[in-house]
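See below for the structure under consideration.
Reminder, nothing fancy here: chain letters follow the sequence lines and each chain counts from 1.
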Amino acid sequence: MQHLTIKQILKQAPVGDTLTVHGWVRTFRNEQFIALTDGSTRTHLQVVVDREATPPETLRLIHPGAAITATGKLVESLGRGQDVEIQADTITILGPSDPETYPIQPKRHTLEFLRKNGHLRFRTQTFGAVFRIRHHLALAIHRFFDERGFFYLHTPIITASDAEGAGEMFTVTALDLNQLPKDEQGRVNFKEDFFGKHTHLTVSGQLEAELGALALSKVYTFGPTFRAENSNTTRHLAEFWMIEPEMAFADLNDDMNLAEDMLKYLIRYVKDKAADDLEFLAQRQANEEKNLPQNERSIPLLEKLDNTLTEPFARITYTEAFDLLRNSKPNKKGRFKFPVSEWGIDLQSEHERYLVEKKFKKPVIVTDYPKDIKAFYMRLNDDSKTVAAMDILVPGVGELVGGSQREERYDLLVRRMEEMHIPVEEMQWYLDTRRFGTCPHAGFGLGFERLVQFVTGMANIRDVIPFPRFPGNAAF
RNA sequence: GCCUCAUUAGCUCAGUUGGUUAGAGCGGCGGACUGUUAAUCCGUAGGUCCAAGGUUCAAGUCCUUGAUGAGGCGCCA
């Protein structure tokens with residue numbers, strides 16, 4: 001059956017037409033006015049109930065959360081607060097919702113409460129807005145890369161490569177866990193497992209993406225990624241989605257430009273597609289933070305996004321960042337928990353926050369990190385101390401992007417792998433790209449949920465993914 | 001994994017130096033009103049004070065252990 005969504009009705013406003021609408025009751029005021037939502041847009045459609053014509057047993061079932069169908073004429077609203085409304089001739093209750101037990105009330109709930117009722121939180125305005133924006137961002141990512149000649153490459157989710165060094169991994173096995181086959185040393189014998197070897201859920205598609213890039217020139221991955229780290233923060237998930245472009249014939253500068261262009265493109269796209277949802281989330285964030293002291297509040301959401309859009313990102317080397325931090329007021333006054341004194345230290349959250357939120361007040365790209373705190377595949381700079389790496393730090397989220405120019409020189413790569421105890425013999429498939437037709441190439445990884453956090457202003461990463469997985473939690 | 005804080009009605013919270021019958025607002029239910037905008041007004045029901053143990057004449061309040069949650073840190077995207 002064809003029908004208009006509420007978004008279409010509000011946009012087209014075919015006043016005078018008789019329409020049938022489906023949706024869920026948000027509120028029922030005055031036993032007469034239904035605020036109806038179908039999730040297509042943030043705005044409700046007001047359905048005016050004909051109290052004479054509607055049977056009392058129907059009226060009794062109109063409660064928040066109930067699914068209904070309403071048929072009637074669309075008219076210009078007689079009340080203030082909306083332009084049009086439906087004068088319903090008939091209301092059909094498709095699915096009632098017991099108001100005594102339905103958890104979602106027409107009032108403010110905490111995100112914590114909604115997380116506990118995660119199966120129903122989609123019904124709220126906040127999560128509706130977040131997941132509509134999540135959709136727009138995902139689509140925009142594909143459009144961005146497609147417009148630039150990148151191919152979408154599906155890298156494996158089950159992987160035998162355990163040398164990516166990106167964190168603890170989840171084992172994938174079909175073995176009977178109660179009767180594990182053992183080898184001579186008494187260790188689990190994965191030769192008897194489904195794949196004949198020990199396999200895991202992927203922690204990154206980068207190494208496989210490099211294989212694609214060294215043939216198709218420009219590729220990207222966009223898929224789920226898994227880390228078995230016991231991370232309990234507002235920025236980590238055990239299952240998250242990652243975007244990893246990889247470009248042949250590109251250096252670190254090309255890499256940074258791509259990432260910056262992409263973030264700007266995505267924000268522009270969402271502003272265009274979901275301005276009302278952004279407005280709502282901006283208001284939400286302001287309300288949440290209105291009781292905080294001024295210096296603890298976030299940059300207002302829309303202002304933050306506009307800054308990102310119009311300002312060029314700050315670009316500084318690790319060494320410059322280090323000097324800046326070492327000479328900063330909080331460092332001299334001993335305010336940092338991790339004092340900045342020796343070149344080579346990793347930047348801590350508090351340092352990144354200082355750079356982004358106090359010093360530059362916009363996204364910052366930090367490049368050329370000491371090689372000892374970065375991964376084996378990053379290209380060694382001429383100083384032999386730093387690598388061609390870049391991290392993009394953004395307000396509120398911290399590290400949004402991590403990327404690098406890859407080490408394309410076979411000998412240097414092997415030396416780095418040996419230094420970092422990467423099993424060279426198991427990585428021949430990767431090293432072959434450097435043996436046959438190697439070339440400069442670069443790429444980055446962008447955490448999709450962190451991007452959604454950045455764009456929506458949601459504080460906890462668990463609130464920007466439909467079904468969050470984190471230590472101790474795998475509901476649904 | 002570490003640190004800090006929290007857990008009281010369906011939800012959001014208050015509950016004083018330990019003191020006798022644990023409160024409010026919202027929500028629910030009943031009623032009134034009928035062009036409302038998280039409607040409003042009147043009435044009403046609703047509690048294993050997270051759990052177990054302890055201290056005390058007396059514990060929501062103090063102590064111990066545990067569970068769960070939140071925030072921070074580390075690991076990173």
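B:rA9 and B:rC13 have their C1' atoms separated by 11 Å, with the value rounded to a whole Å. Using atom C1' as the reference point in both B:rC75 and B:rU16, the two lie 45 Å apart (nearest Å). Between B:rG46 and B:rC29, the two C1' atoms lie 10 Å apart (nearest whole Å). On the C1' atoms, B:rA39 is 40 Å away from B:rU61, given to the nearest whole Å. Taking atom C1' in both B:rU8 and B:rA59, one finds a spacing of 14 Å when rounded to whole Å. As rounded to the nearest Å, B:rU17 and B:rG69 have P atoms that lie 31 Å from one another.
Near RNA chain B, meaning a heavy atom under 4.0 Å from it, residues 467-476 of chain A has no residue at all. Scanning residues 340-351 of chain A for heavy-atom distances under 4.0 Å to RNA chain B yields A:Gln348, A:Ser349.
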Step-by-step side-chain contact (heavy atoms from CB on, under 4.5 Å) determination, A:Thr126 to A:Leu281: CA-CA 7 Å; A:Thr126 298; A:Leu281 290 167; 4.3 Å; yes

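Residue A:Gln46 comes nearest to A:Arg29 through the heavy atom pair OE1-NH2, 3.6 Å, listed as atom of the first residue, atom of the second, then distance. Across A:Thr159 and A:Glu208, no two heavy atoms sit closer than the pair OG1-OE2, 3.9 Å.
Using cut-offs of 30° and 60° for the angle between ring planes, the A:His200 and A:His198 rings count as tilted. The aromatic rings of A:Phe448 and A:Phe222 sit perpendicular to each other, their planes meeting at more than 60°, with 30° as the lower class boundary.
Counting non-hydrogen atoms under 4.0 angstrom, A:Val401 reaches the backbone sugars and phosphates but no base. Using a 4.0 Å heavy-atom criterion, one finds that A:Thr225 contacts no nucleic acid atom at all. Residue contacts for A:Leu400: at a heavy-atom cut-off of 4.0 Å it reaches the sugar-phosphate backbone alone, with no base atom in range. A:Thr27 comes within contact range of the sugar-phosphate backbone alone, with a heavy-atom separation under 4.0 Å but no base atom that close.
Side-chain polar atoms of A:Glu244 and A:Ser204 form a donor-acceptor pair below 3.5 angstrom. A donor atom on one side chain and an acceptor atom on the other are not found under 3.5 Å apart for A:Thr5 and A:Asp38. In the model, A:Thr69 has a side-chain atom that pairs as donor or acceptor with a side-chain atom of A:His22 under 3.5 Å. A donor atom on one side chain and an acceptor atom on the other are found under 3.5 Å apart for A:Gln206 and A:Tyr377.
At least one side-chain nitrogen or oxygen of A:Arg353 sits closer than 4.0 Å to the OP1 or OP2 atom of B:rC73. Between A:Ser204 and B:rA77, a side-chain N or O to OP1/OP2 separation shorter than 4.0 Å is absent.
Evaluation of A:Phe240 against the base of B:rA77 yields a stacking contact (centre distance < 5.5 Å, interplanar angle < 30°).
Residue A:Pro103 is the one, among A:Phe338 and A:Pro103, whose nearest nucleotide of RNA chain B lies closer to the 5' end (criterion: closest heavy atom).
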Contact list (N/O, under 3.5 angstrom) for nucleotides 25-29 of chain B vs protein:
residue	atom	partner	partner atom	Å
B:rG27	O4'	A:Gln105	OE1	3.4
B:rG27	O2'	A:Gln105	OE1	3.3
B:rG27	O2'	A:Gln105	NE2	3.1

Report each atom pair, protein N/O against N/O of nucleotides 32-36 of chain B, whose distance is under 3.5 angstrom.
residue	atom	partner	partner atom	Å
B:rU34	O2	A:Asn30	O	3.0
B:rU34	O2	A:Asn30	OD1	2.5
B:rU34	N3	A:Arg51	NH1	3.3
B:rU34	N3	A:Arg51	NH2	3.2
B:rU34	O4	A:Arg51	NH2	2.7
B:rG35	O6	A:Gln87	NE2	3.4
B:rG35	N1	A:Glu85	OE2	2.7
B:rG35	N2	A:Gln46	NE2	3.4
B:rG35	N2	A:Ser77	OG	3.4
B:rG35	N2	A:Gly79	N	3.0
B:rG35	N2	A:Glu85	OE1	2.5
B:rG35	N2	A:Glu85	OE2	3.0
B:rU36	O4'	A:Asn30	ND2	3.4
B:rU36	O2	A:Arg29	NE	3.0
B:rU36	N3	A:Gln46	OE1	3.0
B:rU36	N3	A:Gln46	NE2	3.0
B:rU36	O4	A:Gln46	NE2	2.6
B:rU36	O4	A:Gln82	NE2	2.9

Write down the protein N/O and nucleotide N/O pairs, taken from nucleotides 41-51 of chain B, whose separation is under 3.5 Å; answer none if there are no such pairs.
none

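Remark: A:Arg115 engages A:Leu111, A:Arg121, A:Asn460, A:Arg462, A:Asp463 in a side chain to side chain contact (heavy atoms under 4.5 Å, CB included) (not counting sequence neighbours). In terms of the side chain to side chain contact (heavy atoms under 4.5 Å, CB included) criterion, residue partners of A:Asp17 (sequence neighbours excluded) are, by chain and number, A:Pro14, A:Leu19. Listed by chain and residue number, A:Phe150, A:Tyr220 satisfy the ring-ring contact (aromatic ring centres under 6.0 Å, His included) test with A:Phe145 (two or more places apart in sequence, or in another chain). Partners of A:His236 under the side chain to side chain contact (heavy atoms under 4.5 Å, CB included) rule, at least two apart in sequence or in another chain, are A:Ser231, A:Thr233, A:Arg450. Applying the ring-ring contact (aromatic ring centres under 6.0 Å, His included) test to A:His351 and every residue at least two apart in sequence or in another chain returns A:Phe336.
From A:Leu301, atom CG reaches atom CG of A:Leu278 across 6.0 Å, with rounding to the nearest 0.5 Å.
Distance from the side chain of A:Lys337 is smallest to B:rC73 among B:rC73, B:rA77, B:rC75. Checking B:rC73, B:rA77, B:rG69 against every side-chain atom of A:Arg235, the shortest atom distance belongs to B:rC73. Picking from B:rG1, B:rC11, B:rC75 the nucleotide with the shortest atom distance to the side chain of A:Asn232 gives B:rG1.
Per the geometry, CD belonging to A:Glu168 stands 12 Å off P belonging to B:rG1, to the nearest Å. Taking atom CZ on A:Arg121 and atom P on B:rC11, their separation rounds to 18 Å, with Å as the unit.
Centroid-to-centroid, the aromatic rings of A:Phe467 and A:Phe131 stay 6.0 Å apart or farther.
For B:rC11, its base never sits under 3.5 Å from the side chain of A:His109 at any donor and acceptor pair.
In this structure, A:Met262 and A:Ile141 have side chains that are in contact, with non-hydrogen atoms separated by less than 4.5 Å. Using a 4.5 Å heavy-atom threshold, the side chains of A:Leu309 and A:Lys264 count as touching.
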Intra- and inter-strand pairing of RNA chain B, written as dot-bracket with Watson-Crick and G-U pairs under 3.5 Å and | for the latter, reads (((((((..((((.....[...)))).(((((.......))))).....(((((..]....))))))))))))....

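The local environment of CD in A:Glu76 is sparse, with at most 12 non-hydrogen atoms from other residues, nucleotides or ligands closer than 6.0 Å.
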Only distances under 3.5 Å count here; give the side-chain donor-acceptor pairs of residues 337-348 of chain A to other protein atoms, sequence neighbours excluded, each with its distance to 0.1 Å.
residue	atom	partner	partner atom	Å
A:Trp343	NE1	A:Thr319	OG1	3.1
A:Gln348	NE2	A:Asp346	O	3.4

